[in-house]
Amino acid sequence: MGWDTSRVDMNIYSQGKIDRLVYSTCNICSNGCGCFIAVKNDKIVGIMGNEEYPINRGRLGPKGENQWWANNSVDRLSAPLIRHNGKLLTSTWEDAYSLLVEKTKEVLKRKGPGGLAFYHTGQAYLEEYYTISKITRAGLRMHHVDANTRLCTATAEWSLIESFGADGPPACQEDIDIADVVVFIGRNSNETNTVFWERVLEARRKSGSKIIEIDTRNDLSDKMADLALQPRSGTNVAVLNGIIHLLIKNNWINREYIQKHTIGFTELEKTVSRYNPELVEQITNIPQSKLLQCAEWIGTSNKTVTILLQGVYQSMDATAAATLVNSMHLIMGKIGKPGSGPFQHAGQPSAMSNRETGGAGFYPGYRNNSNPKHIQEIAKLWNVDPENLPVGPQTFINNIVQLMEQGEIELFWVMFTNPAVSLPNRNKMVDIMKKVFMVVQDPFLSETADLADLVLPTALWGEKEGTMTNLERRVNVLRKAVNPPYNLPSDFEILLEFSKRMDFRDREGNPLIKYSTPEEAFNEWRRVSKGRPCDMSGMTYDKMEKLGGIQWPCNEHYPNGKERLYTDGKFYTFAHEAESYGRDLLTGRARTEEEFKALNANGKAIIYAFDWAPPLEAPSEEFPYELNTGRIVYQWHTRTKTGRAPLLHLASPEGYVEINPQNAIELEIEMGDMVRVTTKRGSIMVPARITDAVRPGAIFIPFHYGTLTENQAANVLTLETWDLVSKQPHFKNGACRIEKIMVSEGQ
Ligand SMILES: Nc1nc2c(c(=O)[nH]1)N[C@H]1C(S)=C(S)[C@@H](COP(=O)(O)OP(=O)(O)OC[C@H]3O[C@@H](n4cnc5c(=O)[nH]c(N)nc54)[C@H](O)[C@@H]3O)O[C@H]1N2
Ligand SMILES: Nc1nc2c(c(=O)[nH]1)N[C@H]1C(S)=C(S)[C@@H](COP(=O)(O)OP(=O)(O)OC[C@H]3O[C@@H](n4cnc5c(=O)[nH]c(N)nc54)[C@H](O)[C@@H]3O)O[C@H]1N2
Ligand code: SF4
Ligand SMILES: [Mo]
């Protein structure tokens, strides 16, 4: 089994022979394609796909192939910057570290740990996240720690916890090769996960599997699908209730599995009984025949995989909708079996590592921050007093921003993310960021770094060593290919230096951080992860390189890792092992231990029922269009890497808005006309692209174009509301107005 056809993609620019090829993984998306970095004269000169690597068998997508240009970019920061009289001026590393430590100590003295906030990423290495967890919890004892994974896969994490007791997607890539039906919900794979999309298409060619797309747009992947459903924005819950209704009605379910391995089915059955195809059509606009076809393919197939991402996670009732996908699989018993399972994709290359090491809310190893036993375990592993570790939930980014606005938080340390572009309602966020002392760790003068008081430039991918976990729990090592320019430290080294200068100690007075290399950090992490769902105790750097990455759990029972989870139908829902006691799906209120125990799940998966509710901001007379924001194939996020790759930049140099031809006629807009898009939050000006990829009444804007000088940032427009459970923003919903800008007005 596995993907057996290979094709070696490469993009190497070198006159004469290269010096070496260094083992690595692509640092762009969560697919985690295996690659080699081509080096000549201690410089990265290209990249080549790793033919042996099971995830991509040598293939690379456009962003993967071009990511290394950023390493050689002439505008990389060479030294720290400190703001003096409003201007960022170059400083020495000594001055920069001294300022960082002095400022941290000063805020700590006046305000305690509550005066500090740390906001990081889903793109760093596991060893960096683990160190962040250790420093922020055991060193600084702070609560205000979050990451951009909140904007990205917090809903995946929470839906998995709610349904199964712990994070970790049950399915794997290999399931695609053997599934009969592959369902994509709000996942535009052909643009955002290109190598995976090739695998899906190849599987269809070989085995005749069917592809179903459920996406508000009708773009290329929908057109290539065997069946495409275009629901209205924010109606995922109604679509899923409708599918589940039909599965139950036609008895395409597995009652034995339900009875043995789940709780909560009766409530679900009751709720979905209302969601007949007529009602679902009224709510979602999906023709009844299409819904029937979709349910029939899913229900009558032997093997189904369902893939979901931002069209669910960043849309209304995100966690509830994602748990419905889990429930859909549970009631069919299609989970933990070859070719079947819910496959909650991650987006960023190491969002999974962040989640495993407790980067944004939990304790390392999927430990429950409200379970004193879990805190004690960590305290013992770290040799610190459990009383000194903060308990309860960490503050999520929206609250962090509020506390900054209120003057509670005074120091905001940003690492490996560009919130001035990526947070919702960004103009407001930018004003708030200007109020605090902001430290930004970034190789470039990003929009956020430009607002900072202290900028710490870092080494990039290829210039440091570490590991990353991809979307199917596969952990791989990325070897260091070259030395960083200007002797820049890695994020890992900056964190270690900070810890040393802050003099963080364990309970015996020894340094809190005892490791000095990423590999030593990983070896400590192996002990911390042991016995937990994301057990990596059986992994080593060399073994990962030898085997081509290893899927966790990897321990004495599974020395080479395990493809899929829950093969035995046992879930992490005993109170003593669960990652969280969960939250109420309707209100977001945290459940107490007693409430969780009262569910009596005890090893069974939990099925939830949830009713559809209209989006928070539906189209109105003043704002008649549905706003949708997302990605395009050539650009990565805020373009700090892809914008520096000549071919990618040329392929898509500026922002735009997609408008349906029917609306374009009504508004007398032609291709390329400048258009003003306005929401209650603000307005932007972008050229129009007229395309049937969007439905009449809906528009789409890529969120990559967010400079503070050009007025093209999608996040000027976006809603500042969040899913109540996962706290992920509603980037995919909102209502807007569009107007053609007259030439005289634009001048
Ligand atoms: N080219 C490229 N690839 C990337 C990235 C990138 O920046 N550029 N980023 C990476 C990261 S971090 C992430 S998180 C992933 C994201 O990957 P995706 O989730 O695939 O990307 P998006 O474009 O954000 O949104 C996916 C789809 O959701 C649909 N959608 C919007 N609202 C709804 C709704 O209410 N219901 C349904 N069913 N669908 C809806 C949109 O039309 C869109 O096609 O991509 C990763 N890959
Ligand atoms: N409207 C709208 N907004 C969205 C989304 C959407 O779909 N619509 N999607 C959301 C999602 S899913 C995501 S993941 C976020 C992404 O949003 P961000 O995380 O803000 O975007 P990036 O451009 O990836 O930012 C990464 C930063 O890290 C820097 N960097 C690169 N390598 C290194 C390194 O080795 N070390 C350090 N310290 N820094 C480095 C880069 O220069 C860049 O400034 O955006 C979110 N925002
Ligand atoms: S699919 Fe993702 S991991 Fe693979 S080459 Fe493209 S960006 Fe990199
Ligand atoms: Mo993301």
Side-chain angles (χ1 to χ4, degrees), residues 9 25-35 47 49 55-56 59-67 70-71 73 76-77 119-125 128 147-154 189 192-199 309-311 313-314 345-349 351 414-426 440-449 456-464 470-471 484 488 490-492 494 627-631 633 635-644 701-704 706 713-719 728-732 734:
D9 293 335
T25 311
C26 174
N27 188 220
I28 299 286
C29 92
S30 56
N31 213 46
C33 294
C35 63
I47 191 167
I55 290 297
N56 55 319
R59 295 162 185 80
L60 294 170
K63 295 175 302 305
E65 269 181 4
N66 285 287
Q67 66 192 295
N71 289 66
S73 175
R76 274 188 70 171
L77 295 173
Y119 182 56
H120 60 117
T121 186
Q123 300 171 42
Y125 294 170
E128 293 167 339
N148 68 1
T149 46
R150 182 71 51 207
L151 319 179
C152 184
T153 55
S189 211
T192 55
N193 198 1
T194 52
V195 172
F196 180 76
W197 182 244
E198 285 189 51
R199 185 170 186 160
L309 201 60
Q310 301 309 356
Y313 304 161
Q314 295 174 344
H345 273 188
Q348 296 175 84
V414 177
M415 177 186 139
F416 220 144
T417 178
N418 191 4
V421 181
S422 55
L423 284 180
N425 198 0
R426 85 92 180 268
V440 175
Q441 219 165 292
D442 202 296
F444 302 104
L445 194 65
S446 66
E447 288 79 2
T448 312
L456 304 172
T458 65
L460 272 163
W461 164 89
E463 300 162 358
K464 57 182 183 179
N470 85 340
L471 47 71
L488 291 169
S490 65
D491 294 292
F492 182 78
I494 292 176
L627 171 70
N628 182 2
T629 66
R631 298 161 164 76
V633 67
Q635 297 297 348
W636 169 257
H637 295 169
T638 71
R639 288 184 302 144
T640 52
K641 280 190 180 177
T642 47
R644 287 177 170 83
I701 305 176
F703 87 101
H704 309 293
N715 276 327
V716 167
L717 306 172
T718 43
L719 273 172
Q728 191 160 346
H730 295 134
F731 286 123
K732 300 282 185 265

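Order of appearance sets the numbers: ligands from 1, and atoms from 1 within every ligand. Here, residue 1 is the first one in the sequence, and each next residue gets the next number. Predicted model only: the values in this text are computed from it and were never measured.
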Which ligand 2 atoms, with their elements, are less than 4.0 angstrom from a heavy-atom of C152?
12 (S), 14 (S)
Counting from 1 in the order shown, the ligand 3 atoms closer than 4.0 Å to a non-hydrogen atom of V195 are 1 (S), 4 (Fe)
Sub-4.0 Å atoms of ligand 2 with respect to non-hydrogen atoms of A459:
34 (C), 35 (O)
Examine C35 and say whether one of its N/O/S atoms is closer to atom 8 (Fe) of ligand 3 than 2.8 Å.
no
With heavy-atom distances below 4.0 Å as the criterion, list the atoms of ligand 3 near G61.
5 (S), 6 (Fe)
Looking at atom 33 (C) of ligand 2, what's its closest protein heavy atom, distance included?
F416 CE2, 3.0 Å
So S490 and Y125, do their side chains get closer than 4.5 Å, heavy atoms only?
no
Would C35 and L60 count as a side chain to side chain contact (heavy atoms under 4.5 Å, CB included) if you check the C-alpha gap in whole Å, the side-chain angles of each, and the deciding distance to 0.1 Å?
CA-CA 8 Å; C35 63; L60 294 170; 4.2 Å; yes
In terms of residue, atom name and distance, what is the protein heavy atom nearest to atom 17 (O) of ligand 2?
S422 CB, 3.1 Å
Rounded to the nearest 0.5 Å, the CZ atom of R644 sits from the CZ atom of R76 at a distance of 10.0 Å
Ligand 2 to L460, heavy atom cutoff 4.0 Å, flagged ligand atoms 31 (C), 32 (N), 33 (C), 35 (O)
Out of T718, T629, D491, whose heavy atom sits nearest atom 36 (N) of ligand 2?
D491
Is any side-chain heavy atom of Q123 closer than 4.5 Å to one of N148?
yes
Distance filter under 4.0 Å to S446 heavy atoms, resulting ligand 2 atoms:
44 (O)
Heavy-atom distance under 4.5 Å between the side chains of P62 and V633, does that happen here?
yes
Among non-hydrogen protein atoms, atom 41 (C) of ligand 2 lies closest to T640 OG1, 3.0 Å
I need the nearest protein heavy-atom contact for atom 8 (Fe) of ligand 3: residue, atom name and distance, please.
C26 SG, 2.3 Å
If you count the atoms of ligand 3 from 1 in the order shown, which ones are under 4.0 Å from a heavy atom of G64?
5 (S), 8 (Fe)
Counting non-hydrogen protein atoms only, what is the nearest one to atom 4 (Fe) of ligand 3? Give residue, atom name and distance.
C33 SG, 2.3 Å
Could you grab the distance from atom CG of L77 to atom CG of L488, nearest 0.5 Å is fine?
8.5 Å
Which ligand 2 atoms are under 4.0 Å away from a heavy-atom of K464?
35 (O)
Does at least one non-hydrogen atom of W636 fall below 4.0 angstrom from an atom of ligand 2?
yes
Considering non-hydrogen atoms of the protein only, which is the closest contact for atom 44 (O) of ligand 2, and what is the distance?
D442 OD2, 2.5 Å
Taking only non-hydrogen atoms of K732, do any sit less than 4.0 angstrom from ligand 2?
yes
Do Q314 and C152 come close enough that some side-chain heavy atom pair is under 4.5 Å?
no
May I ask you to identify the nearest protein heavy atom to atom 3 (N) of ligand 2, giving residue, atom name and distance to one decimal place in Å?
N715 ND2, 3.0 Å
Identity and separation of the nearest protein heavy atom to atom 10 (C) of ligand 2
Q314 NE2, 3.5 Å
Nearest protein heavy atom with distance in Å, relative to atom 16 (C) of ligand 2:
H637 ND1, 3.4 Å
Geometric class of the H637/F703 ring pair [parallel <30°, tilted 30-60°, perpendicular >60°]
tilted
Atoms in ligand 3 flagged as close to G32, the criterion being non-hydrogen separation under 4.0 Å
3 (S)
For the atom pair NE2 (H120) and CZ (R150), what is the distance rounded to the nearest 0.5 Å?
10.0 Å
Using a 4.0 Å cut-off to any heavy atom of I28, which atoms of ligand 3 qualify?
7 (S)
Can A449 be said to touch ligand 2, with heavy atoms closer than 4.0 Å?
no
Hey, does W636 have a side-chain heavy atom less than 4.5 Å from the side chain of N66?
no
Verify the distance test for C29 against atom 4 (Fe) of ligand 3: any N/O/S atom under 2.8 Å, yes or no.
no
Euclidean distance, N71 CG relative to E463 CD, rounded to 0.5 Å:
4.5 Å
If you measure from atom 25 (O) of ligand 2 to every heavy atom of N418, I701, V440, which option wins on shortest distance?
N418
Could you identify the single nearest non-hydrogen protein atom to atom 39 (N) of ligand 2 and state the distance to 0.1 Å?
P443 CD, 3.3 Å
Are the side chains of C26 and N31 in touch, meaning some heavy atoms are under 4.5 Å apart?
no
Heavy atoms, side chains only, cut-off 4.5 Å: are V421 and T448 in contact?
no
Atom pair NZ (K464) and CG (D491), whose distance is rounded to the nearest 0.5 Å:
4.5 Å
Going from CZ on R631 to OG1 on T192, what distance comes out if it is rounded to the nearest 0.5 angstrom?
7.5 Å
Steps toward side chain to side chain contact (heavy atoms under 4.5 Å, CB included) verdict (W461, K641)
CA-CA 11 Å; W461 164 89; K641 280 190 180 177; 4.3 Å; yes
Measure T417 to ligand 2 on non-hydrogen atoms and call it side chain, backbone, both or neither using the 4.0 Å cut-off.
both
My understanding is that we take every heavy atom of each candidate and find the minimum distance to atom 11 (C) of ligand 2. Doing that for R631, Q348, Q441, which one comes out nearest?
R631
